[in-house]
2 protein chains.
Amino acid sequence: MIKARRESLQVTQEALAELSSVGLRTIKQFESGKGNPTLHNLQKLTDVLGLEITLKVKSRSDNR
Amino acid sequence: MIKARRESLQVTQEALAELSSVGLRTIKQFESGKGNPTLHNLQKLTDVLGLEITLKVKSRSDNR
DNA sequence: TAAAATAGAGCATTATAGTGCACTTTGATG
DNA sequence: CATCAAAGTGCACTATAATGCTCTATTTTA
């Protein structure tokens, strides 16, 4: 998701690293599916990518 | 947010800890605003709480 | 195809998240 | 007030996320 967004914006991992102040190595791991990023780092990335992390109540069947 | 949701479900931190397999201490820190949880832990919590983490494209003013 | 740019991976180190334990604080109840 | 339950905090230790460096692989381009 992050990766797709980054690519659609035509930004390299390196550029993203600089813009977000998240280490390049970290972004690489993260994008290659090996990460368990902290919320903080995740937010730094989504912030630069113009994405928003939201929490929504999962609508369950018995919810209505 | 997590805290509010937990309370609205009338679940104690302790119960949440057990249900989610996240350490009680961790939940305490997290809820008292001192956390920088990993995505993994955050998901374990939201999962139990019936919440969903979503990423949406932030609509910017100059987007239209 | 050679060179350059971009992405992925191994290794080692540092910073910090996760956790348990014990104690304090706070709020509710008898 | 004494008691109890739920929440918050300090301390210490362990696990792992974050990071840099270097090298390899893949993709792009001349």
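Numbers restart at 1 for each chain; the letters A, B, ... are given by sequence-line order, proteins then strands.
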Within this structure, what is the [atom1]-to-[atom2] distance between [X] and [N], rounded to whole angstrom?
{"X": "A:Glu14", "N": "C:dA4", "atom1": "CD", "atom2": "C1'", "answer": "13 Å"}
{"X": "B:Phe30", "N": "D:dA7", "atom1": "CZ", "atom2": "P", "answer": "15 Å"}
{"X": "A:His40", "N": "D:dT19", "atom1": "NE2", "atom2": "C1'", "answer": "15 Å"}

Minimum-distance pair of heavy atoms, taken over all atoms of A:Leu45 and A:Ser20: CD2-OG, 3.4 Å
A:Arg6 versus A:Leu16, closest heavy-atom pair with distance: CD-CD2, 3.6 Å
Letter per nucleotide, 5' to 3', of nucleotides 8-21 of chain C [B base touched, S only sugar-phosphate touched, - untouched; heavy atoms, 4.0 Å]: BBBB-----SSBBB
A:Asn36 side, atom CG; A:Gln29 side, atom CD - distance, nearest 0.5 Å: 11.0 Å
Distance (rounded to the nearest 0.5 Å) between B:Glu52 CD and A:Leu55 CG: 9.5 Å
Residue pair A:Thr38 / B:Thr38, side-chain donor-acceptor N/O under 3.5 Å: no
